[in-house]
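Start at 1 and go down the list; that is how both ligands and their atoms are numbered. For the numbers below, each heavy atom of this structure counts, side chains included, while hydrogens, waters and symmetry mates do not.
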Amino acid sequence: MRKLYGVTQSRAFRPLWVMHELGLDFEQVPLDFRGDDLRAADYLALNPNGRIPTLVDDDFVLWESMAITLYLARKYDNTGLLWPSSVEGEARAWQWSFWVMTEVEAPLLSVLMHTRVLPEEKRKPEKAKRDLGLLKAPFSVLEKSLHDRDYLLGEAFSIADLNVAAVMSWCKPARVVTRDYPNLDDWLKRCLARPARKAAQKT
Ligand SMILES: N[C@@H](CCC(=O)N[C@@H](CS)C(=O)NCC(=O)O)C(=O)O
């Protein structure tokens with residue numbers, strides 16, 4: 001039995017997207033980060049961080065959203081839909097997954113929080129402005145990397161695109177405009193138009 005803990009409107013969206021791409025059976029346990037769900041002792045026994053998502057795949061427990069997406073794709077993609085066929089391709093998938101978590105996730109989340117999510121009195125416009133500025137460098141890297149290819153590893157969508165696009169999907173709610181980066185903009189639209197992404201969003 002495969003269980004994913006976490007509401008869709010959280011980083012649980014990332015493994016949900018993978019499971020929809022691969023057509024995997026799963027049960028979603030919609031624990032919410034807004035409230036006390038994550039402090040329950042039985043949940044902390046699974047994920048001592050008290051965060052979502054967590055995957056329980058039979059008796060294997062795994063947390064960290066990107067570790068979960070990489071694991072699911074590595075283990076269950078039998079058709080080459082998501083998982084690269086070469087060791088170098090796998091290394092590139094790790095590269096892009098670590099990259100988006102270290103270079104993009106924190107400043108983009110900060111812009112989202114300080115412009116849209118936090119109550120007005122807790123927002124810091126100067127922090128949002130600074131972090132928006134920090135996104136220029138990684139967005140330029142993405143833009144240049146996509147100048148000669150439709151997807152990060154070449155001509156086909158892969159787990160590298162899914163992991164990067166899942167983070168970049170926060171651009172829309174954060175109202176971070178990407179049209180100055182046309183390759184990035186087109187690539188993001190292609191990734192987010194995938195039926196599995198839309199199905200995951202509705203889970
Ligand atoms: N690096 C972790 C971050 C997990 C995380 O911070 N999840 C948020 C929801 S998207 C959460 O559980 N927040 C609750 C809290 O921090 O108390 C991952 O990618 O899985």
Side-chain angles (χ1 to χ4, degrees), residues 2-22 24 26-57 60-76 82-83 93-119 122-124 127-128 131 134-135 138 142 152 158-176 188 191-192 196-197 199-203:
R2 191 175 297 117
K3 277 190 187 181
L4 184 76
Y5 292 77
V7 286
T8 304
Q9 299 74 23
S10 74
R11 290 170 176 89
F13 165 69
R14 300 165 185 178
L16 284 171
W17 186 358
V18 176
M19 291 195 285
H20 280 279
E21 289 283 355
L22 298 178
L24 300 181
F26 64 94
E27 179 192 332
Q28 184 178 11
V29 184
L31 298 190
D32 204 329
F33 56 91
R34 295 153 291 204
D36 292 333
D37 288 0
L38 309 186
R39 284 184 275 284
D42 54 348
Y43 185 66
L44 288 171
L46 293 176
N47 185 338
N49 302 290
R51 299 195 203 283
I52 45 174
T54 301
L55 177 76
V56 179
D57 195 18
F60 180 60
V61 181
L62 189 65
W63 34 261
E64 278 298 323
S65 57
M66 292 283 160
I68 299 172
T69 59
L70 291 164
Y71 162 79
L72 288 169
R74 169 70 180 79
K75 185 158 184 183
Y76 294 110
L82 294 179
W83 194 252
W94 303 330
Q95 169 196 287
W96 282 114
S97 305
F98 295 146
W99 175 84
V100 79
M101 293 292 273
T102 53
E103 302 289 338
V104 178
E105 194 189 51
L108 184 52
L109 182 59
S110 164
V111 175
L112 178 61
M113 298 302 285
H114 289 282
T115 58
R116 303 291 306 283
V117 176
L118 289 171
K122 292 199 173 154
R123 293 182 194 172
K124 294 187 179 146
K127 178 159 173 54
D131 288 341
L134 290 180
L135 290 169
L142 212 39
L152 292 171
S158 75
I159 190 67
D161 299 287
L162 189 153
N163 280 347
V164 176
V167 174
M168 291 292 289
S169 69
W170 288 342
C171 285
K172 192 170 176 194
R175 295 191 181 135
V176 171
L188 187 57
C191 294
L192 299 183
R197 198 283 301 177
Q201 205 91 54
K202 288 192 196 127
T203 310

Study note, to complete from the structure: The closest protein heavy-atom partner of atom 19 (O) of ligand 1 is S65 OG, 2.6 Å
Check your understanding: Can you find an N or O of I52 that's nearer than 3.5 Å to an N or O of ligand 1?
Key -> yes
Review point. Which pair of heavy atoms, one from T54 and one from L46, lies closest together, and at what distance?
Key: CG2-CB, 4.3 Å
Point to revise | Proximal candidate to atom 5 (C) of ligand 1 [heavy atom criterion; set M101, R34, R11, R39] | key: R11
Revision key, fill the gap. So for L38 against ligand 1, with non-hydrogen atoms under 4.0 Å, the contacting part is side chain
Review point. Is there a nitrogen or oxygen of E105 sitting under 3.5 Å from a nitrogen or oxygen of ligand 1?
Key: no
Revision key, fill the gap. Ranked by distance from atom 1 (N) of ligand 1, the top protein heavy atom is E64 OE1, 2.8 Å
Check your understanding: Can any side-chain N or O of Y5 pair as donor or acceptor with the backbone N or O of A12 at less than 3.5 Å?
Key -> no
Exercise for review: Check whether any N or O atom of S10, backbone or side chain, sits under 3.5 Å from an N or O atom of ligand 1, and answer yes or no.
Suggested key: no
Check your understanding: Sub-3.5 Å donor-acceptor pair from the side chain of R116 to the main-chain atoms of A174, do we have one?
Key -> no
Exercise for review: Could you tell me whether a side-chain N or O of D131 sits under 3.5 Å from a main-chain N or O of V111, the two making a donor and an acceptor?
Suggested key: no
Check your understanding: With a 6.0 Å cut-off on ring centres, are H20 and F26 close enough?
Key -> yes
Review point. Is R11 close enough and on-axis enough to W63, meaning under 6.0 Å and within 45°, for cation-pi?
Key: no
**Study point:** Value rounded to 0.5 Å, distance of OG1 in T203 from CH2 in W17
**Key:** 12.5 Å
Practice item. State the atoms of ligand 1, each with its element, that fall below the 4.0 Å cut-off from a heavy-atom position in P53. Key: 20 (O)
Practice item. Identify, for atom 17 (O) of ligand 1, the protein heavy atom at the shortest distance, and state residue, atom and that distance. Key: R51 NH1, 3.9 Å
Exercise for review: With rounding to the nearest 0.5 Å, note down the distance linking CG in L192 to CD in Q201.
Suggested key: 8.5 Å
Point to revise | Nearest-neighbour protein heavy atom for atom 13 (N) of ligand 1, which is reported as residue plus atom name and distance | key: F33 CB, 3.8 Å
Check your understanding: Under a 4.0 Å heavy-atom limit, does M66 contact ligand 1 with its side chain, its backbone, both, or neither?
Key -> neither
